[in-house]
Novice: 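Once you've had a glance at the structure underneath, I'll fire off some questions.
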Amino acid sequence: QVQLVESGGGLVQAGGSLRLSCATSGRTFSNYGTGWFRQAPGKEREFVAHISWGGGSTFYADSVKGRFAISRNNAKNTVYLQMNSLKPEETAVYYCAASPGYTGSYYAAADRGTYNTWGQGTQVTVSP
């Protein structure tokens with residue numbers, strides 16, 4: 001079983017940047033794809049980005065393309081989400097999640113059911 005711990009959240013002004021980290025422990029991390037999701041108060045949890053276990057395949061929600069970048073360092077068992085040009089409406093709890101095997105399509109990457117392990121989340125607050 002993989003365990004996930006997010007960090008790096010905080011308060012930032014609109015237009016600012018944050019880098020989130022998702023540290024893992026447990027079974028071999030490199031066999032898992034990793035996704036980032038976010039959930040704002042009163043809203044559904046939504047897909048943000050996904051990276052394959054080898055790092056060669058990434059998917060992004062349209063709303064974050066060109067501003068967010070997902071990457072991973074398997075030697076450090078960590079996945080990162082670099083978030084630039086943040087907007088107030090992106091205030092949410094950000095979660096990372098692990099998906100066993102290879103996720104080969106955007107639709108699978110964006111499906112919460114693809115993931116079998118979730119972290120506890122990290123709060124990101126973007127002030128106007």
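Residues: numbered from 1 along the sequence shown.
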Novice: Under a single-linkage definition using a 4.5 Å side-chain heavy-atom cutoff for Ile, Leu, Val, Met, Phe, Trp and Tyr, are Leu18 and Phe68 assigned to the same hydrophobic cluster?
Specialist: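 The answer is yes; both residues are in one hydrophobic cluster.
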
Novice: Examine distances only and state if a side-chain atom of Thr103 and a backbone atom of Ala109 form a donor-acceptor pair shorter than 3.5 Å.
Specialist: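 Pair absent, no side-chain N/O of Thr103 close to backbone of Ala109.
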
Novice: With distance as the sole test, does Thr24 use its side chain to make a donor-acceptor pair with the main-chain N or O of Asn77 at under 3.5 Å?
Specialist: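 A pair under 3.5 Å: yes.
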
Novice: Find the distance between OG (Ser57) and CD1 (Ile51) and round it off to the nearest 0.5 Å.
Specialist: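 It comes to 8.5 Å.
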
Novice: Any salt bridge (Lys or Arg N to Asp or Glu O under 4.0 Å) pairs touching residues 112-128, not counting sequence neighbours?
Specialist: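 For residues 112-128: Glu44-Arg112.
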
Novice: Can you pull out every salt bridge (Lys or Arg N to Asp or Glu O under 4.0 Å) where at least one residue sits in residues 2-12? Sequence neighbours excluded, please.
Specialist: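 The answer is none; no pair qualifies.
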
Novice: Rounded to the nearest 0.5 Å, what separates atom CZ in Arg19 from atom OH in Tyr80?
Specialist: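 Atom-to-atom, Arg19:CZ and Tyr80:OH are 5.0 Å apart.
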
Novice: Would Val124 and Trp36 show up in the same hydrophobic cluster when neighbours are defined by side-chain heavy atoms closer than 4.5 Å?
Specialist: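 Linked within one cluster.
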
Novice: Where do Arg67 and Glu90 land on the side-chain contact (heavy atoms from CB on, under 4.5 Å) test, with the steps shown first?
Specialist: CA-CA 12 Å; Arg67 298 186 297 117; Glu90 294 180 309; 2.5 Å; yes

Novice: Rounded at 0.5 Å granularity, tell me how far CG in Leu20 sits from OG1 in Thr78.
Specialist: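 If we round to the nearest 0.5 Å, Leu20:CG and Thr78:OG1 are 12.5 Å apart.
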
Novice: Any salt bridge linking Lys43 with Glu89? Criterion: basic side-chain nitrogen under 4.0 Å from a carboxylate oxygen.
Specialist: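 Answer for the salt bridge query: no.
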
Novice: Once you round to the nearest 0.5 Å, how far does OG1 of Thr34 lie from CD1 of Ile70?
Specialist: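 Those atoms lie 7.0 Å apart.
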
Novice: For Trp118, which fellow cluster members are found when Ile, Leu, Val, Met, Phe, Trp and Tyr are connected by side-chain heavy-atom distances below 4.5 angstrom, either directly or through intermediates?
Specialist: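 Other cluster members: Phe37, Phe47, Phe59, Val93, Tyr95, Tyr106, Tyr107, Tyr115.
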
Novice: Roughly how far, to the nearest 0.5 Å, is SG of Cys96 from CG of Leu81?
Specialist: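 Rounded to the nearest 0.5 Å, the CG-SG separation comes out at 10.0 Å.
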
Novice: Just to verify, what does Lys87 make a side chain to side chain donor-acceptor pair (under 3.5 Å) with, not counting sequence neighbours?
Specialist: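 Side chain to side chain donor-acceptor pair (under 3.5 Å) list for Lys87, sorted by chain: empty.
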
Novice: Among residues at least two apart in sequence or on other chains, which ones pass ring-ring contact (aromatic ring centres under 6.0 Å, His included) with Tyr60?
Specialist: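 Applying ring-ring contact (aromatic ring centres under 6.0 Å, His included) to Tyr60 gives none.
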
Novice: May I ask whether Val126 and Met83 are part of the same hydrophobic cluster, defined by side-chain heavy atoms of I, L, V, M, F, W, Y residues being less than 4.5 angstrom apart, directly or through others?
Specialist: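 Cluster IDs for Val126 and Met83 match.
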
Novice: Taking side chain to side chain donor-acceptor pair (under 3.5 Å) as the definition, give me every residue that meets it alongside Ser7, ordered by chain and number, with sequence neighbours left out.
Specialist: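 In terms of side chain to side chain donor-acceptor pair (under 3.5 Å), with neighbours along the sequence ignored, Ser7 is linked to no residue.
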
Novice: For the pair His50 and Ser99, evaluate side-chain contact (heavy atoms from CB on, under 4.5 Å) and give the outcome as yes or no after the intermediate values.
Specialist: CA-CA 10 Å; His50 174 94; Ser99 59; 3.5 Å; yes

